[in-house]
Structure formats: structure tokens, C-alpha cells
Amino acid sequence: MPVHNPDIAQSLESIADLLELEGANPFRIRAYRNAARVVQGLGTEISVLLQRGKDLSELPGIGKDLAGKISDLARTGHLPLLDRLRKSTPAIAVELLKLPGLGPKRVQAICHDLDVHNLEQLHRAILDGRLRELRGFGPAAESRLLQALQTRRGVPQRLKLALAESYVTPLIAYLKAAPGVDTAITAGSYRRCQETVGDIDILVTAKSGPPAVKHFTRYEEVGKVTAAGDTRATVVLRSGLQVDLRVVPPRDYGSALQYFTGSKAHSIAIRRLGQKRGLKINEYGVFRGKKRIGGTTEAEVYRAVGLPYIEPELRENRGEIEAAAAGKLPKLVKLEDLRGDLHVHSVATDGHDTIRQLATVGRARGYEYLAITDHSRRLTVAHGLDPKRLLKEIEEIDRINAGKPGIALLKGIEVDILPDGKLDLPDDVLGHLDLVVASVHGQFNLSREKQTERILRAMERPHFTILSHPTGRLIGEREPYDVDMPRIIRAARDRGCFLELNAHPDRLDLTDIHCRMAKEAGVLISIASDTHRAPELANLRFGVGQARRGWIEKNDVLNARGLAELAPLLRRTMR
DNA sequence: GCCGTTTTCGGCCCGACTGTTTTCAGTCG
């Protein structure tokens with residue numbers, strides 16, 4: 001049973017959690033968390049690196065010890081250290097660590113002094129008044145824990161980026177309108193375009209902190225104020241979303257934004273670089289001794305440590321700092337680089353709008369082309385097209401194109417990949433099209449081997465152009481099906497076909513890491529909206545954010561090409 | 001546990017806020 005990078009990263013994270021509970025050296029704990037992040041972000045499986053004889057200790061933050069542990073994990077899936085830690089620490093402790101306000105010290109006290117082995121026992125201990133007798137616990141801790149236990153058992157839901165956006169946009173407008181406020185901007189994982197966010201970080205610049213904090217805590221959607229000081233505050237909106245606010249003077253905008261954007265690992269790495277140059281970097285600026293030498297813009301912060309500006313989506317300490325130092329930062333793709341959309345549904349199947357309506361909206365967005373890709377017959381719930389109806393749709397598109405609609409409509413299909421790897425429509429029918437987008441829409445639970453074979457076989461069909469939503473995941477709702485993505489990516493390279501980054505905010509499939517793997521393999525990506533209603537064409541922005549996290553440049557994107565360049569690329573797949 | 005034009009030992013990012021204290025530990029980001 002092969003051990004994959006996410007499994008290895010998970011084991012390293014577990015070790016960090018358990019070491020934390022043991023009260024181990026915090027820097028040792030950080031080393032394990034770092035290693036987990038590095039492994040997670042690798043474009044290549046550890047097992048493959050080992051086969052190639054790669055020395056893992058060359059990876060950043062991985063020394064001799066961790067290299068040995070990681071290779072043990074990759075080979076066996078087990079590690080004596082992890083087994084020992086699991087044996088000596090009750091499982092409940094790990095769960096308690098996730099509750100708000102509980103760190104390792106308090107968890108130890110609860111487990112040890114109160115003899116608590118499950119959440120039920122903790123609940124009883126609170127009700128009996130035994131918790132508040134512990135040193136370090138008072139009425140506030142008691143009620144906070146009680147609430148966490150009663151509501152969602154302490155596991156906070158992460159919010160999809162699109163939903164977060166709907167809360168953030170009006171809040172930012174509200175803050176900007178406040179008296180004395182200079183500007184307001186969202187930082188944190190939201191600014192880095194992570195596919196989901198745990199909370200929202202907002203930076204406000206204002207001459208004085210307290211009035212801005214006050215204004216913030218009085219926002220009408222605030223359900224609860226968790227903390228409020230002179231320069232920062234934390235609230236929970238009625239929706240349950242936590243929002244952190246920080247206020248700094250306008251002069252400190254750059255250093256504050258750089259710091260609050262994170263990621264934590266990136267910030268630490270930047271501050272260490274500063275340290276080596278005899279600088280101190282905090283949210284208030286860059287300092288040499290007592291002298292402030294910069295921090296009004298983010299670029300100043302990076303310049304102080306000898307680096308060019310690094311885009312927020314790259315700030316994960318996954319090699320961007322080394323790339324910046326070497327002058328090899330990618331020039332990330334932008335929304336305005338996209339020349340069209342290659343995955344759109346019309347009213348003929350489960351879409352809401354006619355082809356003419358879609359063309360009008362596409363043209364208004366400045367697109368050069370739009371591919372109509374309705375479903376195939378297998379997807380009966382979507383009223384999928386059989387050959388006869390598809391040929392009718394082709395005729396309709398030809399008719400509209402003949403009328404010079406100001407945008408080129410491409411004739412496509414989203415064809416089902418059947419469980420045996422055949423496509424849902426015969427080759428001679430698919431041959432009439434400009435492109436064939438192919439998807440898995442059922443039989444998600446095949447074994448990794450069978451699912452991979454199924455897709456590889458489909459890719460071998462003569463007219464296969466783009467593999468749509470390659471892992472089938474729905475964020476927070478459905479796990480990706482088990483599929484060997486490195487193999488799929490290699491096959492796409494060999495076959496000369498393309499992978500889709502489905503930009504629907506529920507999917508965002510490819511992930512950032514898969515994007516990076518595809519880029520390294522030289523496989524072009526189609527950033528596509530999978531639109532079912534015309535306004536969803538705007539969802540491309542989420543796909544672009546994800547692509548940027550995956551280091552994707554304009555040249556790596558199929559639909560960043562104009563029609564003249566795109567057409568031969570599509571024809572190449574129609575063999 | 002990692003790392004090194006100060007170092008193979010002794011550092012390791014840095015600050016704000018809360019709650020429980022009676023001057024600060026713990027937690028969080």
C-alpha cells in the first residue's frame with residue numbers, strides 16, 4: 001500500500017500536536033509542522049524522490065533526522081515516535097486542543113487533574129463546578145467551553161472563499177466609511193486566495209485606533225465581541241464567521257499588511273531574513289536598532305531583506321522566498337489575461353440561458369470566444385444531449401456564428417467518461433466538434449487503480465481535449481475520488497491534451513498543488529467557469545486565484561491564448 | 001529539530017489581548 005504525501009504530512013502534523021501536549025520544545029514542534037507543510041507542498045511523491053535517490057535533507061527545513069523519519073513513513077506508513085506518542089497521550093487531549101482558549105497547558109490540566117477521558121466527562125466536570133477550581137480557569141473559561149461543547153463540538157467550519165466574499169464586501173465598505181479611517185483591506189488567507197478561510201482578517205489604517213475599533217464592534221451583523229483593545233478586536237458575526245480587525249497608522253500600512261497577510265510560515269521566514277541582516281520586522285515597520293527604515297509599502301519590507309515584491313498567493317513558504325532571491329518568481333496569470341471560457345452550459349441541458357444570451361454576456365465581458373459544452377446523454381438528470389440533439393445544437397451555433405455575433409462560439413460537449421473509460425458519445429459524432437471536455441460524473445468509489453485506468457483510457461480516445469474537474473471533489477461536501485494525479489498529469493503531457501481548473505467556488509478542482517505539478521510537466525490548464533447561469537461567468541476570478549496559488553503564469557493557461565493560437569492547439573487533440 | 005560570513009552550541013518572529021492574577025502566563029494570530 002503506497003503512502004502518499006498527504007498521509008506523510010498528516011503523520012508529521014499529528015506528531016507536532018502530540019509533542020505540543022507533552023510540552024516539548026516549541027521549536028522542535030515547529031520543525032515538524034514545517035516539515036508537514038513542505039511535504040504537502042511538494043509537486044512530486046516522496047516515494048518517487050526516494051526511488052530517484054534524492055537526499056531529502058536537501059529540502060528546506062528538513063535535516064538528517066526528519067529526512068530519516070519521512071523516508072520511514074514513506075516506506076512503511078509507520079513511525080515508532082508517533083506510535084509511542086499516541087500510546088502515552090489520551091486521544092481526547094488532541095480533540096480538546098482544538099477547542100477555543102485551550103492550549104497544551106490547560107488541556108494537560110483538564111486531562112490530568114480532572115481525569116477527563118471524553119467530552120461527556122468534561123461537560124460533567126463543568127456542570128459540577130470542578131473545572132473552575134483548577135488553577136488558570138475561571139468563570140469565563142467555563143462558559144466559553146460550555147458553549148463550544150453545546151454548539152458545534154469545537155470544530156469550526158471553514159468557509160468557501162465565495163461565501164466569505166459575500167460577508168467581506170459590505171463589511172469593508174462599512175469600515176471605509178468610518179470617520180477617521182483611511183483605508184480598509186482584507187488580509188490573511190482571504191487575500192492569499194485560499195479556497196476556504198477559517199476567519200477573516202481585516203486591516204484598517206487610521207490615525208487613532210480606539211474609534212475604529214468601536215465602529216467595528218458596532219457593525220450590525222456582529223453577534224458577539226470576543227476581544228476589543230486599542231488596536232485590535234475580534235468579533236463573531238451572527239453567521240458564525242469570526243472577524244479579526246487590526247488598526248495601524250497609515251505610515252505602517254505596508255508592514256502591517258505584509259504581516260497580517262501571512263502565511264505564518266512565510267512571515268516567520270521573512271522576519272528571520274531580517275534578523276540575519278540585523279533588522280527587526282514587526283507590524284509597525286522595519287527597524288535597524290531604534291531607527292525605522294521602512295514599512296509604508298509591502299515592497300519596502302521585501303526590499304529591506306533583499307527581495308522583490310512577492311504576490312500574496314505565493315506566500316506559503318513553499319519555495320517563493322528562494323525563487324525571489326534567485327530572481328525566478330513566476331509572473332502570475334491575471335484575470336484580464338483570459339481571452340475566453342471553455343466550459344459553459346446552455347438551456348439545452350441544465351443551463352439557464354440560451355446560447356445567444358450567453359454570447360451577449362460573454363462579449364460584454366470582453367471575451368474573444370466561448371465554448372458551449374452541454375452535457376451528454378448519460379447525464380439524464382441534466383437532460384443530456386444524444387447525437388441527434390447535439391447535431392442540432394451544432395447547427396444552431398453555426399447559424400449564430402454566421403451572423404457575426406462579435407464573439408466566436410466554439411462547438412463543444414461535456415461528455416461523460418463511462419465507468420469502463422469509454423466516452424458517452426461515438427467518435428464520429430465528437431469529430432464534428434471544436435473541443436471535447438470530458439468528466440467523471442458517477443462511480444466515484446472505484447479503487448485508485450480502476451479510477452485512474454478509467455480516466456487514462458478515456459484520454460486515449462481520438463477526440464479527447466480537456467479533462468474537466470479532474471478529482472470530482474466538492475469542497476467541504478464530497479471528497480475527491482481516489483485517483484493517481486501524477487500519472488494523469490504525465491499522461492496528459494504524453495497525449496497532448498489539457499487539464500481543467502474548474503473555477504466554480506464549490507469545486508476549484510485542480511488544487512494549487514496539482515496546478516504546480518501540471519505546470520512543471522508542461523501541461524496547459526483551462527481555467528473554466530462551468531457556467532450554468534450567465535452571471536457565473538464571473539466565477540473565473542476564483543479559478544484565477546487558485547491558479548496563482550499554483551504558480552501558474554499566462555503561458556501555462558490554454559484560454560489565455562487568442563483564438564488564432566487556441567484553434568490549432570484544440571485541433572491537435574482532435575486526431 | 002534545524003541551522004551557521006558572528007556560531008557545531010545556542011539561538012530560533014513578534015506583539016496584543018484576556019483572564020486570573022496581584023505582576024503575568026497562556027493563547028492567539
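The figures that follow rest on heavy atoms only: side chains count, while hydrogens, waters and symmetry mates do not. The sequence lines fix the lettering, A, B, ..., with proteins before strands; numbering per chain opens at 1.
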Asker: Who are the side-chain hydrogen bond (donor to acceptor under 3.5 Å, both in side chains) partners of R541(A), not counting sequence neighbours?
Answerer: E165(A)

Asker: Show which side-chain atoms of residues 317-332 of chain A pair as donor or acceptor with protein atoms under 3.5 Å away, not counting sequence neighbours.
Answerer:
residue : atom : partner : partner atom : Å
R318(A) : NH2  : D512(A) : OD2          : 3.0
E320(A) : OE1  : N317(A) : N            : 3.2
E320(A) : OE1  : R318(A) : N            : 2.7
E320(A) : OE2  : H266(A) : ND1          : 2.8
E320(A) : OE2  : E316(A) : N            : 3.1
E320(A) : OE2  : N317(A) : N            : 2.5

Asker: Which letter, B, S or -, goes with each nucleotide of nucleotides 22-29 of chain B from 5' to 3', with contact meaning a protein heavy atom under 4.0 Å?
Answerer: ----SSSB

Asker: Can you name the salt bridge (charged side-chain N to carboxylate O under 4.0 Å, His left out) partners of R490(A), sequence neighbours left out?
Answerer: none

Asker: Suppose you measure atom C1' in dT22(B) against the same atom in dG15(B); what distance do you get, rounded to whole Å?
Answerer: 23 Å

Asker: For DNA chain B, find the residues of residues 219-228 of chain A with a heavy-atom distance under 4.0 Å and give them by number; none if there aren't any.
Answerer: A227(A), A228(A)

Asker: In residues 291-321 of chain A, which ones come under 4.0 Å of DNA chain B, going by heavy atoms?
Answerer: none

Asker: The criterion is side-chain contact (heavy atoms from CB on, under 4.5 Å); which residues satisfy it with R288(A), sequence neighbours excluded?
Answerer: L279(A), I293(A)

Asker: Suppose we screen for salt bridge (charged side-chain N to carboxylate O under 4.0 Å, His left out). Which residues come up paired with R448(A), at least two apart in sequence or across chains?
Answerer: D482(A)

Asker: Return the set of residues passing salt bridge (charged side-chain N to carboxylate O under 4.0 Å, His left out) with E45(A) (not counting sequence neighbours), or none when no residue passes.
Answerer: none

Asker: Check side-chain contact (heavy atoms from CB on, under 4.5 Å) between D230(A) and all other residues, then give those that pass, not counting sequence neighbours.
Answerer: P210(A)

Asker: How would you list, by chain and number, every residue that makes a salt bridge (charged side-chain N to carboxylate O under 4.0 Å, His left out) with R37(A), sequence neighbours excluded?
Answerer: none

Asker: Does the structure show a Watson-Crick or G-U wobble partner for dT8(B), both distances under 3.5 Å? Name it, or say none.
Answerer: none

Asker: Checking R232(A) against F260(A): charged group under 6.0 Å from the ring centre and within 45 degrees of the axis?
Answerer: no

Asker: Output one letter per nucleotide in nucleotides 5-11 of chain B: B when a protein non-hydrogen atom lies under 4.0 Å from the base, S when only the sugar-phosphate is that close, - when neither is.
Answerer: -------

